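Taking it in order: structure first as structure tokens, then the write-up.
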Amino acid sequence: MQINNQTAYTYDCIIEFNRHYRRKANLILNIILGACSGILLLCLLLSGLFFLIDGEFMLDFTSVAYSIIIIALSMVFIFGNPVLIKHVARKQAALNTVSTYRFTEDHFEDSSESTVKTELVKCKYDAIIKVTESEQYFYLCINPRAAHIVAKNGFTEGSEQDFRDLLRTVIEAKKLHIK
């Protein structure tokens with residue numbers, strides 16, 4: 001059985017992939033940065049309290065400066081990353097890339113066309129390290145930082161359920177993270 005799909009790499013598609021892909025990493029980073037910032041703020045508050053009680057400031061200027069720099073860097077990581085992702089997504093979406101996928105029993109083909117290039121990639125299912133899905137897309141991860149994005153509403157031959165069934169037969173169960 002052959003399943004065909006056509007997926008346009010739009011701005012929304014790329015943003016959703018980045019949010020889906022980075023969800024766990026962003027959560028961990030935000031927890032670590034939040035904890036570090038909280039500890040630094042607590043130290044500064046305790047130092048100020050000791051200053052009010054004892055009249056002696058426990059932290060020197062260098063410690064306060066490092067604390068402020070760490071808090072500022074935390075804010076840059078937390079708020080700067082989404083801005084960078086949006087910028088990259090706009091640039092990628094401007095290429096107007098459309099991928100036409102053909103899935104067979106032993107491999108899949110990705111024929112991509114954009115404003116700058118056309119390419120055909122044949123890939124065996126063994127090359128896929130993980131398959132995940134969001135509300136609108138399947139992500140066939142070929143390495144930890146890249147994936148083929150397959151739109152759930154883009155099937156031209158076969159259906160979303162046919163695709164799920166195919167994935168379950170050609171990819172190891174431990175690599176599948178789909179419904």
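Atom set for the values below is all heavy atoms of this structure, side chains included, hydrogens, waters and symmetry mates excluded. Since the structure is predicted, the reported quantities are computational estimates derived from the model, not experimental observations. Heads up: numbering here begins at 1 and tracks the sequence.
The shortest distance between side-chain heavy atoms of P144 and I129 falls below 4.5 Å. At least one side-chain heavy atom of V170 sits under 4.5 Å from a side-chain heavy atom of L166. At a threshold of 4.5 Å between non-hydrogen side-chain atoms, the residues Y125 and L140 do not count as touching. Residues K152 and Y137 form no side-chain contact, since every pair of their non-hydrogen atoms from C-beta on lies 4.5 Å or further apart.
Evaluation of the side-chain contact (heavy atoms from CB on, under 4.5 Å) rule for Q6 yields V98, T100 as partners, not counting sequence neighbours. For D106, the side-chain contact (heavy atoms from CB on, under 4.5 Å) partners two or more places apart in sequence, or in a different chain, are T104. Listed by chain and number, the residues in a side chain to side chain donor-acceptor pair (under 3.5 Å) with R164 are E133, E160 (sequence neighbours excluded). Listed by chain and residue number, F163 satisfy the ring pair (Phe, Tyr, Trp, His ring centres under 6.0 Å) test with F138 (two or more places apart in sequence, or in another chain). Residues meeting the side chain to side chain donor-acceptor pair (under 3.5 Å) test with D165, sequence neighbours left out: Q161. Remark: Y139 pairs with S134 by the side chain to side chain donor-acceptor pair (under 3.5 Å) rule, at least two apart or across chains. Scanning for side-chain contact (heavy atoms from CB on, under 4.5 Å) contacts around N4 gives Q2, R102, T156, E157, with sequence neighbours left out. Applying the side chain to side chain donor-acceptor pair (under 3.5 Å) test to T97 and every residue at least two apart in sequence or in another chain returns nothing.
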Under 3.5 Å, which donor-acceptor pairs do the side chains of residues 172-179 form with other protein atoms, sequence neighbours left out?
residue: K175; atom: NZ; partner: I128; partner atom: O; Å: 3.1

Name each donor-acceptor pair under 3.5 Å that joins a side chain in residues 82-94 to protein atoms two or more places apart or in another chain, with its distance.
none

In a table with atom names and distances, give each donor-acceptor pair under 3.5 Å that connects a side chain of residues 113-122 to protein atoms at least two apart or in another chain.
residue: S114; atom: OG; partner: V116; partner atom: N; Å: 3.3
residue: S114; atom: OG; partner: K117; partner atom: N; Å: 3.2
residue: S114; atom: OG; partner: K117; partner atom: O; Å: 3.2
residue: T115; atom: OG1; partner: L95; partner atom: O; Å: 3.3

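A distance of 10.0 Å separates OH of Y101 from SG of C123, quoted to the nearest 0.5 Å. Separation of atoms CD1 (I149) and SG (C13) is listed at 4.0 Å; rounding is to 0.5 Å. Annotation: the span from H148 atom NE2 to T7 atom OG1 amounts to 11.0 Å, rounded to 0.5 Å.
In the model, T132 has a side-chain atom that pairs as donor or acceptor with a side-chain atom of H20 under 3.5 Å.
Of the possible donor and acceptor atoms, one in the side chain of N18 sits under 3.5 Å from a partner among the backbone N and O of I14.
In the hydrophobic clustering, L45 connects to no other residue, as no ILVMFWY side-chain heavy atoms lie under 4.5 Å from its own.
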Full working for side chain to side chain contact (heavy atoms under 4.5 Å, CB included) between F155 and V150: CA-CA 9 Å; F155 290 99; V150 180; 4.2 Å; yes
Trace of the side-chain hydrogen bond (donor to acceptor under 3.5 Å, both in side chains) decision for S112 with S99: CA-CA 4 Å; S112 297; S99 287; 2.8 Å; yes
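Under the 4.5 Å side-chain heavy-atom criterion for Ile, Leu, Val, Met, Phe, Trp and Tyr, I142 and L167 are members of distinct hydrophobic clusters.
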